[in-house]
Amino acid sequence: MTDKIRVRFAPSPTGFLHIGGARTALYNYLFTRRHNGKFIFRIEDTDQTRSTDEYIEAIIDGMKWLGLSWDEGPFRQTQRQDVYLSHVQKLLEQGKAYYCYCSADVLEKKRELAMTQKRPPGYDGTCRELKNPPTDAVNPVVRFKMPTVGETTVSDLIRGNVTFNNNTLDDFIILRSDGMPTYNFVVVIDDIDMGITHVIRGDDHLNNTPKQIQIYQALGCPVPLFAHLPMILGADKKRLSKRHGAVSVSAYRDMGYLPEALLNYLVRLGWSHGDQEVFTMQEMIDAFALDKVGSSSTVFNPEKLLWINAEHIKKHSPEELIPLVMPFLIEQCIVGSEYSPDIDWLSKAIATLIERSRTLVELAHSLRYYISDDIKIDETAGKKFLNNDTLPLLNSVITSLKELKDFSAASIEKLFIDLMAKHDVKLGKLAQPIRVALTGNTVSPGIYEVLELLGKEISINRIQKAINSISNSE
RNA sequence: GGUCCCAUCGUCUAGCGGCCAGGACACGGCCCUCUCAAGGCUGAAACACGGGUUCGAUCCCCGUUGGGAUCACCA
């Protein structure tokens, strides 16, 4: 386990980077960083009809946002045609592959028939020993000649040895009739070419692995070590999909999640390190080990992700949170894009909200009454706390506040204590109407802090406005 | 259907022959308290089933059941 380790993350660009892909990328990343290896990023785009530049960009963006940096790539398979073709040629010459003239239509029929008769639907080998190829046939495909006897064992770091009987493996297509090689072939060539030592990927590839091992062997190349990760499922134990809610990494970015929080949640899905739940990236790198990865599938739990995100928000200083929350303040129209905040003041405001924000979206939302003067009073809150009963209290507070020289939380607290005694009320009676007048709602950080941060002028204005609205409505 | 994988609280998991089966999220209660959070304490909650092996099985073996994956000129 030294500097020879080379791993890769090789998503197919058929959509955006999703949660499952992100975890696969993360495990590859952690494994290679842990062992000082190289992390190669490769795009599996042999299916031209489904791969778009937009998707490729989205995946790259996702990786960058997560901070999963790679050492080589991103490579694209469509740019490596010559390499694949020469290997196909080699197998053909050695009799380890053959041309197949069966049409896609015929094959489709046979497959359906096999399925209805409950037989295995693999290729039946019609062209395997063909002596006289049809002269009029156009564009044959090339199939790999799979051994019909013996068995193939996948040595998997997570599952141990998994053995397949070779007679269950069929002669799969390695080169399409349009001249494009297929995934199961290309992935092997690339992994050989790029010197991949450990293939860490989703469980869904386990059944492909014996076929790929046969290619390695036909080519006379050493087989890498495999590690097949358990699937991530939705709450209904079905493969995670849009039906279960947000599944793309970008969606979580937009919902105000921190990349390190997403990664932290993901790393615990299938892996654990004692009782530790919260990890920094460095801690993950130091603790991660493939042999501690579990083998049973896992269920994605958004609630726990939310909790982890809150934990990571708490790890940041208010100053660090400013640039992170800024896009959300703009998004929510709380500030314009030209807004240049008073860092000192904004940090103090954020400090009061860190414990109360599980996402950056929530943080931005709560920041509204500090930053914007456009406060709407919640209807039920207004009715309950801004009325004729509370009017004398509001008047009393505003009068005292106007005379207060030192508008600090400490002085304000003293003032409130005096007022409580004067009116013979508990703090709640005093604080809630003020809170509603100041923030528009019944929920906020401590009332003294809010007053101090808002400052004398704005506080008095808002309370006055509330008083006026009561007077006007009566 | 064939092949392959998997099986501890609702969920993520610890456990690697002898534990009151531990932790975390979520949930309930209490405390703190100007609201809401945060925090502290606390409660409820699991070894799928059946056979073996063993002095003893959550743990090892086999089977059953259940779930998942895969069987394309997709990746």
Side-chain angles (χ1 to χ4, degrees), chain A residues 10-14 44-47 49-51 77 100 102-104 107-108 111 114-123 139-143 154 156 158-159 162-165 167-170 172-184 186-187 202-210 228 230-231 233 235 237-239 265 268-278 294-308 310 314 352-358 366 381 385 413 416 420 426-432 434-436 439 441-448:
Chain A
S12 59
T14 53
E44 307 271 348
D45 60 346
T46 51
D47 182 357
T49 59
R50 295 209 296 176
S51 303
Q77 298 176 317
C100 169
C102 299
S103 75
L107 258 19
E108 182 62 26
R111 190 161 40 243
M115 288 293 257
T116 55
Q117 292 179 176
K118 303 201 191 294
R119 283 186 293 111
Y123 180 63
N139 303 331
V141 300
V142 176
R143 286 184 185 274
V154 179
D156 192 282
I158 293 174
R159 284 158 215 289
V162 182
T163 300
F164 296 77
N165 199 319
N167 63 24
T168 64
L169 274 22
D170 73 342
F172 65 102
I173 291 170
I174 60 177
L175 191 71
R176 298 184 178 96
S177 54
D178 65 358
M180 282 295 286
T182 59
Y183 167 79
N184 273 316
V186 162
V187 75
D203 210 357
D204 46 340
H205 289 280
L206 185 54
N207 287 298
N208 283 325
T209 310
H228 287 97
M231 297 270 90
L233 311 175
K237 299 279 180 79
K238 301 287 183 202
R239 197 182 182 128
Y265 174 70
R268 285 284 289 98
L269 228 42
W271 174 81
S272 63
H273 182 62
D275 284 340
Q276 189 171 356
E277 297 287 351
V278 181
S295 45
S296 46
S297 51
T298 61
V299 174
F300 183 76
N301 183 350
E303 305 258 78
K304 186 156 184 180
L305 170 57
L306 198 52
W307 174 79
I308 293 262
K314 284 178 211 158
T352 69
L353 293 170
I354 285 180
E355 304 276 279
R356 287 163 243 258
S357 307
R358 294 176 300 177
S366 302
F385 293 107
E413 179 171 6
F416 268 65
M420 281 157 65
K426 291 242 172 79
L427 183 52
K429 284 281 179 203
L430 223 44
Q432 280 307 74
I434 299 299
R435 190 180 328 267
V436 175
T439 72
N441 221 316
T442 56
V443 173
S444 87
I447 197 68
Y448 310 134

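Numbers restart at 1 for each chain; the letters A, B, ... are given by sequence-line order, proteins then strands.
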K.L.:
Can you sort out the partners of A:Phe416 under ring-ring contact (aromatic ring centres under 6.0 Å, His included), two or more places apart, ordered by chain and number?
P.N.:
A:Tyr448
K.L.:
For A:Ser272, which contact category applies under a 4.0 Å heavy-atom criterion: base, sugar-phosphate, or nothing?
P.N.:
sugar-phosphate
K.L.:
Looking for any heavy atom pair under 4.0 Å, which part of the strands does A:Asn441 touch: base, sugar-phosphate only, or nothing?
P.N.:
nothing
K.L.:
So if I define the base as every atom that isn't primed, P, OP1 or OP2, how would nucleotides 31-49 of chain B read as a B/S/- string at a heavy-atom cutoff under 4.0 Å?
P.N.:
---BBBBSS----------
K.L.:
Going by the rule salt bridge (charged side-chain N to carboxylate O under 4.0 Å, His left out), which residues pair with A:Glu355 if we only count those two or more places apart in sequence or in a different chain?
P.N.:
none
K.L.:
With a 4.5 Å cut-off on side-chain heavy atoms, are A:His205 and A:Val187 touching?
P.N.:
no
K.L.:
Choose from B:A75, B:U70, B:C5 the nucleotide whose nearest atom is closest to any side-chain atom of A:Leu206.
P.N.:
B:C5
K.L.:
Write out a two-atom table: protein N or O, nucleotide N or O from nucleotides 64-68 of chain B, distance below 3.5 Å.
P.N.:
from, atom 1, to, atom 2, distance (Å)
B:G68, OP1, A:Lys238, NZ, 2.4

K.L.:
So, do A:Asn139 and A:Asp178 sit near enough that their side-chain heavy atoms are less than 4.5 Å apart?
P.N.:
no
K.L.:
Starting at atom CG of A:Asp156, determine the distance to atom C1' of B:C6, rounded to an integer number of angstrom.
P.N.:
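Distance check: A:Asp156 CG to B:C6 C1' gives 13 Å.
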K.L.:
Just to verify, what does A:Arg159 make a salt bridge (charged side-chain N to carboxylate O under 4.0 Å, His left out) with, not counting sequence neighbours?
P.N.:
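Per chain and number, A:Arg159 pairs via salt bridge (charged side-chain N to carboxylate O under 4.0 Å, His left out) with A:Asp203.
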K.L.:
Measuring to OP1 and OP2 of B:G23, would you say a side-chain N or O of A:Arg268 lies under 4.0 angstrom away?
P.N.:
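For B:G23, OP1/OP2 do not have a side-chain N/O of A:Arg268 under 4.0 Å.
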K.L.:
Can you tell me how far P of B:A26 sits from CD1 of A:Ile308, to the nearest Å?
P.N.:
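Result: 10 Å.
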K.L.:
Of all residues at least two apart in sequence or in a different chain, which pass the side-chain contact (heavy atoms from CB on, under 4.5 Å) check with A:Arg111?
P.N.:
A:Glu108, A:Pro121
K.L.:
Could you measure between the two C1' atoms, the one in B:C6 and the one in B:C47, and give it in whole Å?
P.N.:
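Looking at atom C1' only, B:C6 and B:C47 are 16 Å apart.
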K.L.:
Under 4.0 Å from OP1 or OP2 of B:C12: is there any side-chain N or O of A:Thr298 that close?
P.N.:
no
K.L.:
Take the protein atom CG of A:Asn167 and the nucleotide atom P of B:U3, then report the distance between them rounded to whole Å.
P.N.:
10 Å
K.L.:
Does A:Asp156 reach the main-chain N or O of A:Val162 with its side chain, forming a donor-acceptor pair under 3.5 Å?
P.N.:
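No; judged by distance alone, with no hydrogens or angles, the pair does not exist.
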K.L.:
Using the P atom as the point on both nucleotides, what is the distance between B:A26 and B:A21, in whole Å?
P.N.:
26 Å
K.L.:
Hey, which of these two, A:Asp204 or A:Asp170, hits RNA chain B nearer its 5' end, going by closest nucleotide?
P.N.:
A:Asp204
K.L.:
When the distance from NE2 of A:His228 to P of B:U3 is rounded to whole Å, what number comes out?
P.N.:
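Interatomic distance, NE2 of A:His228 to P of B:U3: 20 Å.
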K.L.:
Looking only at atom types and distance, does a side-chain atom of A:Gln276 sit under 3.5 Å from a main-chain N or O of A:Val278, one as donor and one as acceptor?
P.N.:
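Indeed, once roles are kept as given, a pair shorter than 3.5 Å links the two residues.
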K.L.:
Roughly how many Å is it from NE2 in A:His205 to P in B:U3, rounded to a whole number?
P.N.:
23 Å
K.L.:
Please measure how far the P atom in B:U11 lies from the corresponding atom in B:G68, and state the result in whole Å.
P.N.:
14 Å
K.L.:
Could you state the atom-to-atom distance from OH of A:Tyr183 to P of B:A72 in whole Å?
P.N.:
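Between P of B:A72 and OH of A:Tyr183: 15 Å.
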K.L.:
From C-beta outward on A:Glu44, which listed nucleotide comes closest to its side chain: B:G10, B:U3, B:A75?
P.N.:
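For A:Glu44, the side-chain atoms sit closest to B:A75.
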K.L.:
Ignoring the backbone of A:Phe164, work out which of B:C12, B:C6, B:U3 is nearest its side chain.
P.N.:
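Closest nucleotide to the A:Phe164 side chain: B:U3.
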K.L.:
Between B:A24 atom P and A:Trp271 atom CH2, what is the distance in whole Å?
P.N.:
17 Å
K.L.:
What integer number of Å spans the P atoms of B:U8 and B:C59?
P.N.:
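The same atom, P, in both gives a distance of 12 Å.
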K.L.:
Please work out if A:Val299 contacts a base, only the sugar-phosphate, or nothing of the nucleic acid, heavy-atom cut-off 4.0 Å.
P.N.:
sugar-phosphate
K.L.:
Check every strand shown and say whether A:Gly270 touches a base, only sugar-phosphate, or nothing at a heavy-atom separation below 4.0 Å.
P.N.:
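The answer is sugar-phosphate, as A:Gly270 gets under 4.0 Å only of primed atoms, P, OP1 or OP2.
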K.L.:
Could you check which of B:C6, B:C73, B:A14 has an atom nearest any side-chain atom of A:Arg143?
P.N.:
B:C73
K.L.:
Could you work out the separation of B:G66 and B:C61 based on their P atoms and round it to a whole Å?
P.N.:
22 Å
K.L.:
Side chain of A:Glu277 only, heavy atoms from C-beta on: which candidate in B:A72, B:G10, B:G23 is closest?
P.N.:
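Nucleotide nearest to A:Glu277's side chain: B:G23.
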K.L.:
Checking A:Phe385 now: which residues fulfil ring-ring contact (aromatic ring centres under 6.0 Å, His included) with it, not counting sequence neighbours?
P.N.:
none
K.L.:
Under the rule for side-chain contact (heavy atoms from CB on, under 4.5 Å), what residues qualify as partners of A:Leu233, not counting sequence neighbours?
P.N.:
A:Met231, A:Lys237, A:Ser297
K.L.:
For a quick check, tell me whether the side chain of A:Asn208 and the base of B:A75 share a donor-acceptor pair closer than 3.5 Å.
P.N.:
yes
K.L.:
How many Å lie between CD on A:Gln276 and P on B:A24, as a whole number?
P.N.:
13 Å
K.L.:
Could you work out, with salt bridge (charged side-chain N to carboxylate O under 4.0 Å, His left out) as the rule, every residue matching A:Lys304, not counting sequence neighbours?
P.N.:
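With neighbours one apart ignored, the set is A:Glu277.
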